[in-house]
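Sequential numbering from 1 along the given sequence is applied to the chain's residues. Because only heavy atoms are used, hydrogens play no part in the values below, and waters and symmetry mates are left out as well, while side chains stay in. In each ligand, atom 1 is the first atom listed, and ligand 1 is the first ligand listed.
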Amino acid sequence: MNKNIDYLKSHYENYNYPEPVQDIDKELIEKNIVYYDDPTYNWHKIFPEKAFSKNKISILVAGCGTEQAAIIAKLSPQHEVIGIDLSSNSLKHQKKLIDKHKIYNLKLICNDFREVKFDKKFDLIISTGVIHHLENPGSALEYFYNNLKDDGAISLMVYGDKSTHATNELRKLFFKLNFKQDKESIHSIRKIYNKINPSHPGVIHSKNSSELKFDSGIVDHILHQSEHFYSIRALNELLNNNKLIIKNFIDSRIKSLTKFFYDDEVLLQKIRELNYVDQLELGQILNWDDKKISLICCKDTYIKNSLIMSPLDLDNIYICTRTGCNYKMNNAFIKINLDTNEEFTFSTIIKSEYVNTWQEVFAGKKKLKYLFDLYNSKEKIQVRKILTILVENVFVDVSFHPITAPRSIK
Ligand SMILES: C[S@@+](CC[C@H](N)C(=O)[O-])C[C@H]1O[C@@H](n2cnc3c(N)ncnc32)[C@H](O)[C@@H]1O
């Protein structure tokens, strides 16, 4: 054990994270709450290059906390799941979930995951909110690379360095005052936050998250003593140094850039000519919504399957509505309310006789080509333009195969 691991173990033994669900059926399934890393529902995001399959895959949840591995195992009972965490108290809760829901496809291990050796490789490694706490996050990526199949995927979430900046400035106060991870400090933090001007960006940032409601959230969010925060450029470099590349983004918070320029052809062209890392960097800066950078990675030898690195052949992809966003469509326009509270309206010619096709396309059932072929060459240009913006900005999900999870557009 090293100092960093000793610290993390004691932190998460005392303050288990996250505040866990007690009943997966009642709190998630019956409320239709989607779990992003569920490979059944979100197969097309994790494996856009593979047709959906019900065959068993092997999943490692590295740093699984109080609930994550149990939820994934319950939602995808056909798969084999291993969850590893340093905190035995966090794993105790997952054991409760195993008993309650009679989960048979999950094995839990209490250890530093980097110490655990397997005689097989994984199809999917999930590690969200974990590697940025390690002294050397690259050591985790190296471990993931070595334990991942050649066509496997890694679902990773790390903190961005932009919107977290103000909270990190506020944290200076708490460290100066020598606040500890204890009840008294947690109480004082709640009191101080209530007195700071509500328009302080650090307060806005924290109010937007549910984390301040729970003691363990305050400790994780404000009193953590081992964290790295990433620019997308630095994260991309770290991944590349470990022979990994970005395959896909879970949401639009970083990747979304051309939405700022779609009504200005000249600027749009200039933006599209930038290399992809410059584009991502500008996306992170303009969106300023990077508390969590959630992405799917793969080995760099698998580059042709990256949705962000290889040019997409628009005709031959499938799209579907993205969970958490609302879409409305009529003869004249498509209106999208994103999970970032932004609203976009694109005027387009849908024509009432084509509505069904648009709906089928937005449900991931038909290739985009099917839609383009309905229109004459002039109309096609307009429809393509809009679909390009939707795809580039992750306003829709994309796959190279039909999408199986139920999706719809009104
Ligand atoms: C912020 S929590 C995230 C939990 C979970 N991934 C989620 O998203 O709900 C971080 C978890 O990672 C665990 N962790 C951190 N470093 C670890 C390591 N090297 N090996 C195993 N677990 C680790 C901690 O004990 C803690 O439970």
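At the shortest separation from atom 10 (C) of ligand 1 among protein heavy atoms lies G129 O, 3.5 Å. Here the protein heavy atom with the shortest distance to atom 27 (O) of ligand 1 is D85 OD2, 2.8 Å. In this structure, atom 22 (N) of ligand 1 lies nearest to the protein heavy atom L86 N, 3.2 Å.
Between R233 and E281 there is a salt bridge, since a side-chain N of the basic residue sits under 4.0 Å from a carboxylate O of the acidic one. Looking at K172 and E169, a side-chain N of the basic residue comes within less than 4.0 Å of a carboxylate O on the acidic one, giving a salt bridge. Note on K247 versus E49: salt bridge recorded, some NZ/NE/NH1/NH2 to OD/OE distance being below 4.0 Å. Using a 4.0 Å cut-off between charged nitrogen and carboxylate oxygen, K74 and D25 count as a salt-bridge pair. Of the charged side-chain nitrogens involved, none lies within less than 4.0 Å of a carboxylate oxygen, so that K328 and E343 do not count as a salt-bridged pair. Between D251 and R322 there is no salt bridge, since none of the side-chain N atoms of the basic residue sits less than 4.0 Å from a carboxylate O of the acidic one. Using a cutoff of 4.0 Å between basic side-chain nitrogens and carboxylate oxygens, D290 and K162 are not scored as salt-bridged.
Residue P18 has at least one heavy-atom neighbour below 4.0 Å for each of these atoms of ligand 1: 9 (O). Contact atoms of ligand 1 toward Y17: 1 (C), 2 (S) (distance under 4.0 Å to a heavy atom of the residue). Ligand-side atoms of ligand 1 in range of L134: 16 (N), 19 (N), range being under 4.0 angstrom from any heavy atom. Close contacts of ligand 1 with I5, meaning ligand atoms under 4.0 Å from a residue heavy atom, involve 19 (N). Taking every non-hydrogen atom of D112 and a distance limit under 4.0 Å, the qualifying atoms of ligand 1 come out as 18 (C), 19 (N), 20 (N). Within ligand 1, the atoms closer than 4.0 Å to a non-hydrogen atom of G65 are 4 (C), 27 (O), numbered from 1 in the order shown.
At under 3.5 Å, a nitrogen or oxygen of Q68, whether backbone or side chain, sits near a nitrogen or oxygen of ligand 1. Close N/O approach between D220 and ligand 1 is not found [any backbone or side-chain N/O within under 3.5 Å].
Nearest-residue assignment for atom 3 (C) of ligand 1 (options T128, I131, I109; heavy-atom criterion): T128. In this comparison of G63, S90, S226, the heavy atom closest to atom 4 (C) of ligand 1 sits on G63.
The part of V130 lying near ligand 1 is the side chain, judged by heavy-atom distances below 4.0 Å. Under 4.0 angstrom from ligand 1, the non-hydrogen atoms of F113 come from both its backbone and its side chain.
Among I350, T345, L387, the one residue that satisfies the side-chain contact (heavy atoms from CB on, under 4.5 Å) test with I334 is I350. The one candidate from R384, K369, K367 that meets the salt bridge (Lys or Arg N to Asp or Glu O under 4.0 Å) condition with D315 is R384.
Put simply, the side chain of Y17 does not reach to within 4.5 Å of the side chain of H224, judged on heavy atoms.
Ligand 1 lies within reach of N111, whose nearest heavy atom is under 4.0 Å from it.
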